[in-house]
Amino acid sequence: LQSMLQACGAEVIADHRDFLDPRAPGQLIKEAGEIDVLLLNLGIPAPSTPASEVEDDEWGLLFRHMVDPLPRFARALLRGMKRASSYSAARGAQLAWVQAVGAEMANKGIQVNALAQNFVDNPTYFPADIQANPAFQARLQREVPLGRLVSAEEDASFAAYLCSDAANCFVGQIFPVCGGLSH
């Protein structure tokens, strides 16, 4: 990769330092100066531990090597970011875990799936005062094809279906319960 990028005219700074040190990404960015492109190859040899046997130490080791450096590089490079990405990153990790464990457990007769709920009538996320707000109602009409919140009963009915024998064919799936929201 390095020689290909150089052949295309790029000045490549290959760095193999240990990015487990929380200061390392910032130090690299500071030393490198102006950066147009950052390519990260974060990884360690993949363990083959079954999901039911993964201990916290293994889980933590993988995240320290493959995930933790990402926000550190973002902080070092993207000081002007307007929106936090931590929630989205954590949600993405959840969904990737469901897919991986779902695939692993399927041949054991265990289904692992997730409901990706958004715009479901829930007083924690959408209290009555929010739901009554005309701006929120306009947002529902604009962004949610259904034009309303998914009812708690609809949400619970779908969850009950997934718990039934009729849904035994679903493996590692992420089911959007969102009234058709696509973004």
Side-chain angles (χ1 to χ4, degrees), residues 40-75 78 81-183:
L40 295 175
N41 183 10
L42 303 173
I44 59 174
S48 58
T49 311
S52 61
E53 297 174 24
V54 173
E55 298 290 335
D56 288 345
D57 288 346
E58 179 180 316
W59 182 267
L61 176 72
L62 291 166
F63 271 71
R64 281 191 304 278
H65 280 275
M66 298 173 61
V67 178
D68 292 350
L70 297 173
R72 295 173 186 149
F73 274 102
R75 281 192 301 271
L78 308 173
M81 284 180 65
K82 303 269 190 247
R83 296 175 55 177
S85 59
S86 57
Y87 179 86
S88 295
R91 181 66 68 202
Q94 274 184 338
L95 300 181
W97 183 89
V98 165
Q99 292 171 328
V101 174
E104 180 180 323
M105 302 308 292
N107 68 356
K108 296 168 181 58
I110 299 171
Q111 283 74 43
V112 177
N113 297 292
L115 297 177
Q117 300 163 315
N118 200 344
F119 288 104
V120 173
D121 191 356
N122 177 322
T124 300
Y125 292 107
F126 304 113
D129 61 322
I130 296 291
Q131 290 189 37
N133 185 317
F136 178 76
Q137 289 299 318
R139 181 179 177 208
L140 283 176
Q141 296 302 312
R142 185 178 63 250
E143 295 180 20
V144 181
L146 187 61
R148 64 173 175 79
L149 293 175
V150 174
S151 74
E153 183 178 344
E154 290 168 321
D155 184 45
S157 294
F158 189 66
Y161 166 73
L162 287 178
C163 293
S164 75
D165 288 342
N168 282 345
C169 61
F170 296 111
V171 173
Q173 297 298 304
I174 313 304
F175 293 98
V177 178
C178 58
L181 181 73
S182 63
H183 64 279

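Reckoned from all heavy atoms, side chains included, excluding hydrogens, waters and symmetry mates. Remember, predicted model here, so these are calculated numbers, not experimental data.
Heavy-atom neighbours of Asp129 CG from other residues, nucleotides or ligands within 6.0 Å: above the threshold of 12. Environment of CG in Asn107: crowded, with over 12 heavy atoms of neighbouring residues, nucleotides or ligands closer than 6.0 Å.
Residue Phe126 comes nearest to Gln131 through the heavy atom pair O-NE2, 2.8 Å, listed as atom of the first residue, atom of the second, then distance. When all heavy atoms are compared, the tightest approach of Leu181 to Glu143 is CD1-O, 3.2 Å. Residues Gly179 and Val150 come closest through the heavy atom pair N-CG2, 3.4 Å. For the pair Pro69 and Phe63, the tightest heavy-atom approach, listed with the atom from each and the gap, is CD-O, 4.4 Å. Closest approach of Gly172 and Asn113 over heavy atoms only: N-OD1, 3.2 Å. In plain terms, the two heavy atoms of Leu162 and Phe170 that are nearest each other are CD2-CD1, 4.1 Å.
Listed for the Gln141 side chain is a donor-acceptor partner under 3.5 Å among the backbone atoms of Gly147. Gln99 contributes no side-chain N or O that, together with a main-chain N or O of Gln173, makes up a donor-acceptor pair within less than 3.5 Å. Using a distance-only test at 3.5 Å, with no hydrogens or angles considered, a donor-acceptor pair links the side chain of Glu104 to the main chain of Ala51.
Once rounded to the nearest 0.5 Å, the distance linking CD1 of Ile110 with CG of Asn168 reads 11.5 Å. Taken to the nearest 0.5 Å, the CG atom of Leu42 stands 14.0 Å off from the CZ atom of Arg64. Residue Asp165 holds its CG atom at 9.0 Å from CD of Gln111, rounded to the nearest 0.5 Å. The line from CG of Asn133 to CZ of Arg139 is 11.0 Å long, rounded to the nearest 0.5 Å.
Val54 has its side chain out of reach of Pro47: every pair of non-hydrogen atoms, C-beta onward, lies at least 4.5 Å apart. Side-chain contact between Gln137 and Leu140: present, with at least one pair of heavy atoms (C-beta onward) separated by less than 4.5 Å. Considering only heavy atoms from C-beta on, Leu40 comes within 4.5 Å of Leu70 through its side chain.
With sequence neighbours left out, Glu153 forms a side-chain contact (heavy atoms from CB on, under 4.5 Å) with Ser151, Ser157. Under the rule for a side-chain contact (heavy atoms from CB on, under 4.5 Å), the partners of Ala166 that lie at least two apart in sequence or sit in another chain are Tyr161, Ser164. Listed by chain and residue number, Leu115, Val120, Asp155, Val177 satisfy the side-chain contact (heavy atoms from CB on, under 4.5 Å) test with Gln117 (two or more places apart in sequence, or in another chain).
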Test log, rule side-chain contact (heavy atoms from CB on, under 4.5 Å), inputs Glu58 and Leu62: CA-CA 6 Å; Glu58 179 180 316; Leu62 291 166; 4.2 Å; yes
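Classified by interplanar angle (parallel below 30°, tilted 30° to 60°, perpendicular above 60°), the ring pair Trp97/Trp59 is perpendicular.
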